[in-house]
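A quick note: this is a predicted structure, and the numbers were derived from the prediction, not measured.
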Amino acid sequence: MVTIPRKSFAISKAFNGLLVLYALLFYIVLYGPLVTIAVLSINDSSIIGFPMRGVTLRWYRKVFDTPEFVDALFNSFAVGVLAAVIASALALLLALGFRRVFPFKSVLFNLVLMPIVMPGIVGGIVLLLFFGYLNIQPALFTTVLIAHVNWVLPFAFLTLYPRVHNFDVALEEAAMDLGAKPLEVFWYVVLPIVRSALIATILFSFSLSFDEFIRTLFVTGYDRTIPVMFWSMIVDQLAPELPAMAVVIVLVSATMSFIGALISRRAATRNQ
Amino acid sequence: MSTAATDLGPSDSIAVKKAGGIGRSARWTLFALLAPGTAWLLVFIAVPLGFTLAMSVWKSTILGTVPAFQFGNYIEALTTPLYRDLLFKTVRIGVVTTVLSLLTSYPIAYCLAMQSGQRKAVLLLLLFLPFWTSYVVRTFVWLPILGRTGAVNQFLMTLGIIHEPLPWLLYNEGAIYLGLVYVYTLFMTLPIYLAIEKIDPRLIEAAADLGAKPRWVFLRIILPLSWPGVLSGSLMVFLLAVSAYVTPQLLGGPSGIMFSNMIADQFLSNNNWAFGAALSIVLSAVVLLILIVAGRWVGVHQVFAGGRT
């Protein structure tokens, strides 16, 4: 393929200058708040805000000394891992099935997409009503986990489907013809091909689950996840350690997503 | 809920051929592949949603929510000025947020598409990075920026431009727009960027060679060809904005609530589950309506895959 320099998109010199200036402003606005919160997290003042009254790390110590935070971090990790694995497994099976033609395929496809399309709060409310009516008490590994799998499943499907779609049903049929049992086909033929895409999907799903808030809020029992705990702290009162807590949360989820993106990118280039 | 475009890509026609002679064992395999996911979706999505639909015609009394078949909840939701106006306001905020988001995102998407090599990779990564973290946190960060002791007020006071903190920076509709546009920018920027990126540069060169002025190249070639990206991004941002809960609650102040906050109130304070169910269905219906209308121009599947693959 001939690559023509993208510069041909340039409209005029003056316009280009404006565009670069705008881009600079855009990135400043994008990162300004995050930088500000990082600066405030080391401000030695018991009111969140300026002016700076000295530099301290005590808010970080306070964050890790807060049992609610440590518990929530553990809860979020546990739910995140479980939700990511369950959703990715269900999504992989669905994606493999979607290579075939079957009745009501488009109905099922719309059902898969439903949790993304549904307003966030409705996603939580329908489960609250459902479990409430069945008298199932909200708890971490029942209602919260289910809400998270619901939310993550469509994204896992949408990331896996294009990858799985590329590889030929004939490969499996060949293995079957040679006498492999379905589980053997899955283990020795399918899994090695989709492995890196699957790992990337699991990591990506984890970060979606880790950040989930609105669907979780209404089905949370005693054990809270990180965003729900953070939310109740903001709503309750603006405790001075909140900026430090925000920085820790940002670092954890950005790191997970970054690793996921790296693996996903490598998987994509290998597939080509 | 969604019935709009379900185009699964051109490769389906190939799949048809492959599935031509599907045998009995293959059918069992297909069943085994689809059953777990389908069962999950039916039990935890379809049934709860159906249940919510049923409860929306029930009645909540002081003794609890009792089965009934009446449309009082919907009549109340759609005729009482309080709820009806809030629905209009929510849709208005959704529209304004979408327009603002489009205006701020288009130039940056255009700028990104113009770049190449290492610089482009870095700029794209920098665009993604903030969106890899909780929107609760990304909404919260505006409090210490716009608040009384916030960065903006303190900065202006240090410069001597103002002597008292400006109270109107926070807790109004403007703050909601700022928060929503900030939190959801990527969903607008990414599809537009991908659409511009796909345009063949030779088209632009050809137009320029034939004497088209740059302005016309933009208006007649780049803008129309990036239209699918604009539609996808706008649809996504609109859907997210009308469902907003966190942003109005944190930045909107007492009068800045939106429809989702009203839904939450039915469960958190009013304890009126049947009415809350009806309000949930109303908001979902608005979203569904928009999807069906938009689905005529843009494949809904593309909208949701766009930002995620």
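Counting only distance, with no hydrogens or angles, the side chain of B/S284 and the backbone of A/P119 share no donor-acceptor pair below 3.5 Å. Of the possible donor and acceptor atoms, none in the side chain of A/Y22 sits under 3.5 Å from a partner among the backbone N and O of B/I108. Of the possible polar contacts, one joining the A/Y27 side chain to the B/L123 backbone as a donor-acceptor pair under 3.5 Å is found.
Heavy-atom pairs under 4.5 Å with chain B were tallied for A/I47, A/V235, A/L127, A/L128; the largest tally goes to A/L128. Per-residue heavy-atom pair counts under 4.5 Å with chain B were compared for A/L134, A/L96, A/T255, A/I125, and the maximum is reached by A/I125. Top candidate by heavy-atom pairs under 4.5 Å with chain B, chosen from A/I249, A/V20, A/V149, is A/V149. When the candidates A/I234, A/V112, A/D211 are compared by the number of heavy-atom contacts under 4.5 Å with chain B, A/D211 comes out ahead. Here A/I146 is the residue among A/V122, A/V185, A/I146 with the most heavy-atom pairs under 4.5 Å with chain B. Counting heavy-atom pairs closer than 4.5 Å to chain B, the top-ranked of the candidates A/S253, A/A254, A/G49 is A/S253.
Take A/N43 and apply the side chain to side chain donor-acceptor pair (under 3.5 Å) test, not counting sequence neighbours, and it matches no residue. Remark: B/Q154 engages no residue in a side chain to side chain donor-acceptor pair (under 3.5 Å) (not counting sequence neighbours).
Across every non-hydrogen atom of A/L93 and B/P36, the tightest pair is CD1-CG, 3.8 Å. Residues B/A277 and A/L129 come closest through the heavy atom pair CB-CD1, 3.8 Å. The two atoms that bring B/T52 and A/V126 nearest to each other are OG1-CG1, 3.1 Å, heavy atoms only.
Proximity to chain A is absent for every atom of B/T158, based on heavy atoms less than 4.5 angstrom apart. Residue A/F210: no heavy atom, backbone or side chain, is found under 4.5 Å from chain B. Contact of A/I37 with chain B is made through the side chain alone, with heavy-atom distances under 4.5 Å. Heavy atoms of B/A264 lying under 4.5 Å from chain A belong to its backbone as well as its side chain. In this structure, the portion of B/F131 lying under 4.5 Å from any heavy atom of chain A is its side chain and not its backbone. With a 4.5 angstrom heavy-atom cutoff, B/V246 touches chain A via backbone and side-chain atoms both. Residue B/F51 touches chain A through its side chain alone, counting heavy-atom pairs closer than 4.5 Å. With a 4.5 angstrom heavy-atom cutoff, A/V252 does not touch chain B via any of its atoms. With a 4.5 angstrom heavy-atom cutoff, A/L92 does not touch chain B via any of its atoms. For B/L53, no part lies under 4.5 angstrom from a heavy atom of chain A. Interface remark: B/Y135 contributes side-chain atoms only to the contact with chain A (heavy atom separation under 4.5 Å). For A/I121, the part lying under 4.5 angstrom from a heavy atom of chain B is the side chain only. Contacts of B/I145 with chain A are made by side-chain atoms alone, with heavy-atom separations under 4.5 Å and no backbone atom involved. Only the side chain of A/L238 has a heavy atom closer than 4.5 Å to any heavy atom of chain B. Residue B/T29 touches chain A through its side chain alone, counting heavy-atom pairs closer than 4.5 Å. Residue A/F186 does not touch chain B at all, counting heavy-atom pairs closer than 4.5 Å. Of the two parts of B/L143, only the side chain, counted from C-beta on, holds a non-hydrogen atom closer than 4.5 Å to a non-hydrogen atom of chain A.
A/M114 places a side-chain heavy atom less than 4.5 Å from the side chain of B/L49. For the pair A/R100/B/L34, no side-chain contact is recorded, criterion being any heavy-atom separation below 4.5 Å from C-beta on. In this structure, the side chains of B/L291 and A/V117 come closer than 4.5 Å at one or more pairs of heavy atoms. Side-chain contact between B/Y182 and A/P33: present, with at least one pair of heavy atoms (C-beta onward) separated by less than 4.5 Å.
For the 3.5 Å distance criterion, the side chains of A/N150 and B/W40 qualify, holding a donor opposite an acceptor.
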task: Please lay out, stage by stage, how B/F140 and A/F230 fare under the test ring pair (Phe, Tyr, Trp, His ring centres under 6.0 Å).
output: CA-CA 10 Å; B/F140 160 76; A/F230 190 71; 5.2 Å; yes
message: Please evaluate residues A/M245 and B/V137 with respect to the criterion side-chain contact (heavy atoms from CB on, under 4.5 Å), reporting the C-alpha separation (whole Å), side-chain torsions for both, the decisive distance (0.1 Å), and the verdict.
response: CA-CA 9 Å; A/M245 202 177 271; B/V137 172; over 6 Å; no
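Just one residue in the list A/V39, A/L40, A/T36 forms a side-chain contact (heavy atoms from CB on, under 4.5 Å) with B/P144, and that residue is A/L40.
For B/W58 and A/Y133, the ring centers sit closer than 6.0 Å to each other.
The aromatic rings of B/Y245 and A/W231 sit tilted relative to each other, their planes meeting at an angle between 30° and 60°.
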